[in-house]
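Presented below is the structure to which this report refers.
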Amino acid sequence: MSGQIKQSCSRYVVPAGKKVLRFFEQFLYPLKCLKCGAYIDPEQVEPFSLDTCFCEHCMAAGVYPVEPPFCTICGVKFQQGFAQNHPCETCIKTPPKLARVRAAVLYKGMIKEAIPLFKYHSKLSTARVFEHLLFQAFLDHYSEAGIDKIIPIPLHRKKLRKRGFNQAFLLVRNFVKFHRRHFGQIPPWTIDISSLVRIKQTQPQTGFDITQRKANLKNAFGVVRPAALANRHILLIDDVFTTGTTCDEAARVLLKNRAGRVDALVLARA
């Protein structure tokens, strides 16, 4: 399928000692497609790939990488007629607060169906796939960028209590472990879940145009410890980037509180 990928979401190799445990897990809890319910043969799939969550039939929708050409600032995908990456017209006319946005995949195909299952229906088995996919994107785009802090976009406490988890945090909760496994040392950055807070309970952004999204997110975030952010290079984490209103409003607040630079890494780019 042109323009699609079907691959392991990590270069991680399962240790031999864990294979026995995986055998018993598969015996007690056989893999079933999260969309149609069909059984999945564990011997036919790669660990930490979407194939462990969705059957071959459903996976025919595809997973699409973010390939050039795309905007060097907001990361939006261009039509293939463009020869190379460059800033898009929107970023030139109205520069965002974010310095750079990168994504693991495009928000289409199987990813567009999988993320709502993860986010709204608590299908947390997908989180194990998504975190490896996102970490590979981190290695590709930010491992040598001088990041000081990784901050998942926070949820308002009422929404967090209702949902039971912050999907942005689940995407990066194992980044330190992945980094140590990949590089053999502790990372130069930390994951910060306390400095940026959601102080306004906003409405869901779905169905809003760009003006409504900005009004909805206005003054939604606050900073608890400005001194901890001073001159720091911050990497925001979120699941989906559409208009970028959420991440850009968070970046505005962080920069207002003396952060040095704010980038974003998201699972999927619309």
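- When only modelled atom types and interatomic distance are considered, Asp140 and Gln136 share a side-chain donor-acceptor pair under 3.5 Å.
- Within 6.0 Å of NZ on Lys200 lie more than 12 heavy atoms contributed by other residues, nucleotides or ligands.
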Test side-chain contact (heavy atoms from CB on, under 4.5 Å) applied to Asp239 and Val266, step by step: CA-CA 5 Å; Asp239 55 342; Val266 298; over 6 Å; no
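- Summarising the geometry, atom SG belonging to Cys247 is positioned 4.5 Å from atom CG belonging to Asp238; distances are rounded to the nearest 0.5 Å.
- When the side chains of ILVMFWY residues are joined at heavy-atom separations under 4.5 Å, either directly or via intervening members, Leu236 and Tyr142 end up in two distinct hydrophobic clusters.
- For Ile193, the CD1 atom sits in a loose shell: 12 or fewer heavy atoms of surrounding residues, nucleotides or ligands are nearer than 6.0 Å.
- Here the side chains of Arg173 and Pro152 are not in contact, with every heavy-atom distance at 4.5 Å or above.
- Remark: the backbone N or O of Cys74 is paired with a side-chain donor or acceptor of Arg269 at under 3.5 angstrom.
- In terms of the ring-ring contact (aromatic ring centres under 6.0 Å, His included) criterion, residue partners of His179 (sequence neighbours excluded) are, by chain and number, Phe183, Trp189.
- Here the shortest heavy-atom pairing between Cys33 and Ile40 reads N-CD1, 3.8 Å.
- Annotation: the span from Phe130 atom CZ to His132 atom NE2 amounts to 13.5 Å, rounded to 0.5 Å.
- Under the 4.5 Å side-chain heavy-atom criterion for grouping Ile, Leu, Val, Met, Phe, Trp and Tyr, Phe169 is not connected to Ile153 through any hydrophobic cluster.
- Residues satisfying the ring-ring contact (aromatic ring centres under 6.0 Å, His included) test with Phe175, not counting sequence neighbours, are Phe135, Phe138.
- Residue-environment remark: CZ (Arg163) exceeds the threshold of 12 foreign heavy atoms within 6.0 Å.
- In this structure, the side chains of Cys53 and Leu34 come closer than 4.5 Å at one or more pairs of heavy atoms.
- Note on residues 195-217: no pairs pass ring-ring contact (aromatic ring centres under 6.0 Å, His included), not counting sequence neighbours.
- Listed by first and then second residue, the salt bridge (charged side-chain N to carboxylate O under 4.0 Å, His left out) pairs involving residues 73-87 amount to none (not counting sequence neighbours).
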| message | As a quick check of understanding, evaluate side-chain contact (heavy atoms from CB on, under 4.5 Å) for Val101 and Asp263, giving each step before the final call. | response | CA-CA 6 Å; Val101 180; Asp263 292 344; over 6 Å; no
Name every donor-acceptor pair, under 3.5 Å, that has one atom in a side chain of residues 154-162 and the other anywhere in the protein, sequence neighbours excluded.
| residue | atom | partner | partner atom | Å |
| --- | --- | --- | --- | --- |
| His156 | ND1 | Lys158 | N | 3.1 |

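- Atom NZ of Lys123 has 12 or fewer heavy atoms from other residues, nucleotides or ligands within 6.0 Å.
- Two residues are said to be in side-chain contact when any heavy atoms from C-beta on lie closer than 4.5 Å; Phe118 and Val129 fail this criterion.
- The one candidate from Ile147, Ile150, Val176 that meets the side-chain contact (heavy atoms from CB on, under 4.5 Å) condition with Pro187 is Val176.
- Residues Val63 and Leu117 are members of one and the same hydrophobic cluster, defined by side-chain heavy-atom contacts under 4.5 angstrom among Ile, Leu, Val, Met, Phe, Trp and Tyr.
- No path of Ile, Leu, Val, Met, Phe, Trp and Tyr side chains, each step under 4.5 Å between heavy atoms, connects Val223 with Ile199, placing them in separate hydrophobic clusters.
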Item checked: Verdict with supporting geometry, Cys36 and Cys55, side-chain contact (heavy atoms from CB on, under 4.5 Å) -> CA-CA 8 Å; Cys36 72; Cys55 68; 3.6 Å; yes
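- For Thr52 (side chain) and Ser49 (main-chain N/O), a donor-acceptor pair under 3.5 Å exists by modelled atom type.
- The shortest distance between side-chain heavy atoms of Leu134 and Ile237 falls below 4.5 Å.
- Grouping Ile, Leu, Val, Met, Phe, Trp and Tyr residues whose side-chain heavy atoms lie under 4.5 Å apart, directly or via other members, leaves Ile186 alone, with no other cluster members.
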Check against side-chain contact (heavy atoms from CB on, under 4.5 Å), Thr245 and Gln205:
CA-CA 9 Å; Thr245 309; Gln205 297 278 73; 4.1 Å; yes
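- A donor atom on one side chain and an acceptor atom on the other are not found under 3.5 Å apart for Asn216 and Gln203.
- When the ring-ring contact (aromatic ring centres under 6.0 Å, His included) test is applied to Phe78, the partners found at least two apart in sequence or on another chain are Phe82, His86.
- Here Asp148 pairs with nothing under the side chain to side chain donor-acceptor pair (under 3.5 Å) rule; sequence neighbours left out.
- Partners of Lys149 by salt bridge (charged side-chain N to carboxylate O under 4.0 Å, His left out), not counting sequence neighbours, listed by chain and number: Asp192.
- One finds the CG atom of Leu254 at 12.0 Å from the NZ atom of Lys97 (value rounded to the nearest 0.5 Å).
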For residues 102-115, please give each side-chain donor-acceptor pair under 3.5 Å, one per line with the distance, not counting sequence neighbours.
| residue | atom | partner | partner atom | Å |
| --- | --- | --- | --- | --- |
| Arg102 | NH1 | Thr72 | O | 3.4 |
| Arg102 | NH2 | Thr72 | O | 3.1 |
| Glu113 | OE1 | Lys35 | NZ | 2.8 |
| Glu113 | OE2 | Lys35 | NZ | 3.4 |

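- Under the side-chain contact (heavy atoms from CB on, under 4.5 Å) criterion, Lys32 pairs with Tyr39, not counting sequence neighbours.
- Side-chain contact, Arg213 with Thr242: a donor N or O sits under 3.5 Å from an acceptor N or O.
- Evaluation of the ring-ring contact (aromatic ring centres under 6.0 Å, His included) test over residues 217-262, restricted to residues two or more places apart or in two chains, returns none.
- Linking Ile, Leu, Val, Met, Phe, Trp and Tyr residues whenever their side-chain heavy atoms come within less than 4.5 Å places Leu217 and Leu98 in a single cluster.
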